[in-house]
Amino acid sequence: MPLGTQCARAYREAVSSVILTRGLTKRFGASVALDGLDLDVHEGEVFGFVGPNGAGKTTTIRLLLDLLRPTAGSVAVLGGDPRRDGVALRARIGYLPGDLNLPPKVTGRAFLADQAALRRLDLSPVIDELADRLTADLDRPMGELSLGNRRKIGVVAAFAHRPDLLVLDEPTGGLDPLVQQTFRAMVREAAAAGATVFLSSHVLDEVQHTADRVAVLRKGRLVAEDRVDALIARLVRTVRVRFTVAPPGDSFHGVPGVAGVASPQPDTLEFTLAGAAGPLLAALAPHAPLDLHAPEPDLEDVFLHLYGEEAQ
Amino acid sequence: MTSSLVLFRRALADRRRWLLGWSVGIVLLVVLTLAFWPSFRDKADDMNEMVANLPDSVKSLFGMGGGVDPFSPVGYLSSQVYAFMLPLLLAIAGIGIGGSLAGDEEHGVAESVYVLPVPRRRIVFERWLTMVALTSLLAVVTFVAVLVTVRLVDMPVGTMALWWASVTSALLTWSIAGLAVLVGAWTGRRGVAITVATVIAVAGYVITGLADAGIGFFETLEPVSLFTHYDVLHSLAQGRPPWSALVLVAVTLVSLGLALWAIDRRDLRAG
């Protein structure tokens with residue numbers, strides 16, 4: 001490919017990508033926390049970043065924020081270099097850490113006022129509005145608050161300046177279900193207003209219902225990256241069909257997508273389906289099925305499936 | 001909405017009780033120590049005879065060297081307040097604040113500031129400034145406490161001599177506590193920052209004390225000791241600081257510069 005075309009492509013990637021990493025690697029001594037990560041998060045999308053504890057999610061986030069420096073590879077955030085352009089970039093980023101440590105003797109109000117002052121912004125009306133919405137207590141020293149109430153203050157700090165990029169690490173941990181709902185609404189509103197959301201979580205349900213695309217990380221490496229629905233479509237699912245009289249399981253061998261057939265009860269067949277369901281449905285039709293049950297696969301299954309593949 | 005010195009002002013506000021506690025402690029120590037001066041003055045001959053029998057190294061280590069009568073006003077102030085007790089207290093206070101830069105990082109509290117649109121250097125500078133401001137306030141408290149008490153016990157020492165003695169103490173404290181800021185910025189470890197600054201201070205005190213007593217090995221090390229440049233006896237006796245105090249200023253500024261450089265060159269620690 002001619003050099004000019006390569007440059008043009010790199011430029012297009014850089015301008016449309018809010019987060020762009022290539023071969024991003026971070027080692028701590030002998031241990032590899034992140035191993036050649038390629039990520040591309042587009043403007044305005046909610047991007048789920050999923051993986052078990054220790055997979056490298058927080059390390060990635062700390063690299064995006066210039067709290068850590070890469071061992072190898074490159075990282076660009078909002079088109080800039082987190083180290084060189086750090087101050088300007090961080091003005092456009094809202095961050096909620098997974099392990100939120102707030103000064104214990106300071107009230108939430110004073111803490112948020114300091115944060116706003118350091119951003120050179122007058123945010124007191126927004127802070128009050130967000131605190132009301134999340135029912136956050138801003139007038140007690142933060143060391144006296146429960147984990148959930150401290151996290152509410154963290155959420156206010158991340159959202160108050162209406163950032164272009166929200167980086168949220170395990171955001172709903174410790175929040176009660178009602179506040180979690182409010183939080184998800186806030187994420188959707190921010191995305192609707194044009195913000196990009198980078199949502200890291202090991203709570204898959206959280207990502208599944210909020211994110212447009214998901215990357216799955218394991219042991220510092222990207223295992224999968226796709227749209228949530230596409231990732232689910234890749235899943236091997238179970239379809240359970242009940243008949244008046246079950247046909248022999250052998251008659252479904254060779255149907256595209258059917259990876260296996262079992263007969264748990266005399267009137268029931270259980271199909272292992274990999275891929276589209278159409279051919280199986282067509283093959284079932286002549287046997288007049290009474291009932292068909294195909295539980296919607298969730299990301300947990302995708303997760304285990306992908307990890308299973310990797311383990312094999 | 002102003003962002004000027006927000007971190008400095010917050011750090012000061014968080015230490016209001018700290019400042020009150022240290023001020024009360026220093027005032028009590030100064031008053032109690034100087035209250036005994038009239039009794040020592042009246043028995044100066046006996047006391048001098050007793051001190052004369054002590055080894056030179058012991059006299060030096062307790063601030064009674066330098067050929068000055070330890071029970072004269074200047075000698076008593078130097079040996080009982082400025083040579084040992086005050087530097088010790090100010091160094092503990094200053095190293096504590098200097099070490100808190102790394103302490104906040106270790107506890108994860110600093111992360112909420114490092115992710116803001118604020119250069120890392122500014123965070124270090126404002127904590128350094130907190131250390132300078134608070135130890136300076138303690139030095140001023142010392143000055144006022146000593147000034148009032150010497151007048152009460154009828155001790156003939158000039159106001160400017162006391163002022164410069166307190167200023168020299170503050171300069172020594174900045175140079176020691178500045179090392180805690182530097183090591184904290186370099187390593188992100190509070191324990192290492194406090195240990196290094198403490199060891200350098202204690203080693204300096206011993207080196208200068210034993211060098212003053214004429215012990216050869218320590219005389220060769222004398223120039224590298226911060227206490228060598230803390231000639232408080234000069235400030236008290238001459239009513240102006242010694243030129244060597246500029247070395248303390250230089251050490252303070254160089255360590256600040258290195259701290260600002262070091263913080264930008266490493267990974268920050270997770271809480």
Side-chain angles (χ1 to χ4, degrees), chain A residues 26-28 33 58-59 61-71 82-107 110-124 141-143 150 153-154 157-158 161 163 167 169, chain B residues 1-21 97 100-127 129-130 185-190 260-271:
Chain A
K26 183 64 188 175
R27 292 192 200 95
F28 297 103
T58 301
T59 298
I61 287 174
R62 290 173 66 78
L63 286 161
L64 300 177
L65 293 162
D66 190 43
L67 295 170
L68 298 178
R69 308 275 166 67
T71 309
R83 181 167 186 188
R84 196 189 57 226
D85 314 312
V87 172
L89 293 182
R90 292 195 296 271
R92 299 171 60 196
I93 299 175
Y95 171 50
L96 176 65
D99 190 10
L100 179 66
N101 292 294
L102 299 169
K105 292 178 188 166
V106 182
T107 65
F111 170 75
L112 293 166
D114 282 356
Q115 295 255 312
L118 288 162
R119 291 186 179 280
R120 298 172 184 270
L121 296 170
D122 180 7
L123 296 173
S124 42
M142 293 188 287
R150 284 201 302 275
I153 292 168
H161 56 292
V167 178
D169 193 4
Chain B
M1 187 163 140
T2 171
S3 79
S4 58
L5 301 179
V6 174
L7 301 168
F8 170 68
R9 285 186 281 144
R10 169 63 53 205
L12 286 189
D14 287 350
R15 287 171 177 78
R16 276 175 302 197
R17 283 186 193 169
W18 178 98
L19 182 62
L20 183 68
I97 302 168
S100 70
L101 174 77
D104 284 357
E105 186 182 337
E106 276 183 330
H107 296 134
V109 179
E111 191 175 272
S112 60
V113 180
Y114 282 111
V115 297
L116 294 175
V118 173
R120 290 183 182 187
R121 289 187 300 276
R122 178 173 156 192
I123 297 166
V124 172
F125 176 73
E126 293 199 26
R127 186 58 56 91
L129 200 61
T130 307
W186 202 297
T187 64
R189 292 174 186 273
R190 179 175 174 270
L260 299 178
W261 173 77
I263 193 69
D264 251 342
R265 300 186 57 80
R266 67 173 173 89
D267 291 342
L268 295 173
R269 300 171 68 79

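Proteins come first, then strands; the chains are lettered A, B, ... in the order of their sequence lines, and each starts at number 1.
When every heavy atom of A:Val87 is checked against every heavy atom of B:Pro119, the shortest pair comes out as CG2-N, 3.8 Å. Considering all non-hydrogen atoms of both residues, B:Asp267 and A:Lys26 come closest at OD2-NZ, 2.5 Å.
With a 4.5 angstrom heavy-atom cutoff, A:Arg92 does not touch chain B via any of its atoms. Neither the backbone nor the side chain of B:Asp104 has a heavy atom closer than 4.5 Å to any heavy atom of chain A. Of the atoms belonging to A:Ala157, not a single heavy atom falls under 4.5 Å from chain B. Contacts between A:Val167 and chain B at a heavy-atom distance below 4.5 Å are absent for every atom of the residue.
A distance-only check finds no donor-acceptor pair linking the side chain of A:Arg119 to the backbone of B:Leu116 [under 3.5 Å].
Counting non-hydrogen atoms of neighbouring residues, nucleotides and ligands closer than 6.0 angstrom, the CZ atom of B:Arg266 exceeds 12 such neighbours. No more than 12 heavy atoms of other residues, nucleotides or ligands sit less than 6.0 Å from atom CZ of B:Arg121. More than 12 heavy atoms of other residues, nucleotides or ligands shown are found within 6.0 angstrom of CZ on B:Arg120.
Using a 4.5 Å cut-off on side-chain heavy atoms (C-beta onward), B:Arg9 and A:Asp114 make no contact. Counting only heavy atoms from C-beta outward, the side chains of A:Leu118 and B:Arg122 approach each other to under 4.5 Å. B:Glu111 has its side chain within reach of A:Leu67: a pair of non-hydrogen atoms, C-beta onward, lies under 4.5 Å apart.
For B:Tyr114, the ring-ring contact (aromatic ring centres under 6.0 Å, His included) criterion is met by no residue, not counting sequence neighbours.
Most heavy-atom pairs under 4.5 Å with chain B, from the set A:Leu68, A:Leu100, A:Leu65: that is A:Leu68.
Atoms CZ and NZ, from B:Arg10 and A:Lys105 in turn, are 12.0 Å apart once rounded to the nearest 0.5 Å. Between atom CZ of residue B:Arg269 and atom CZ of residue A:Arg62 there is a gap of 10.0 Å, rounded to the nearest 0.5 Å.
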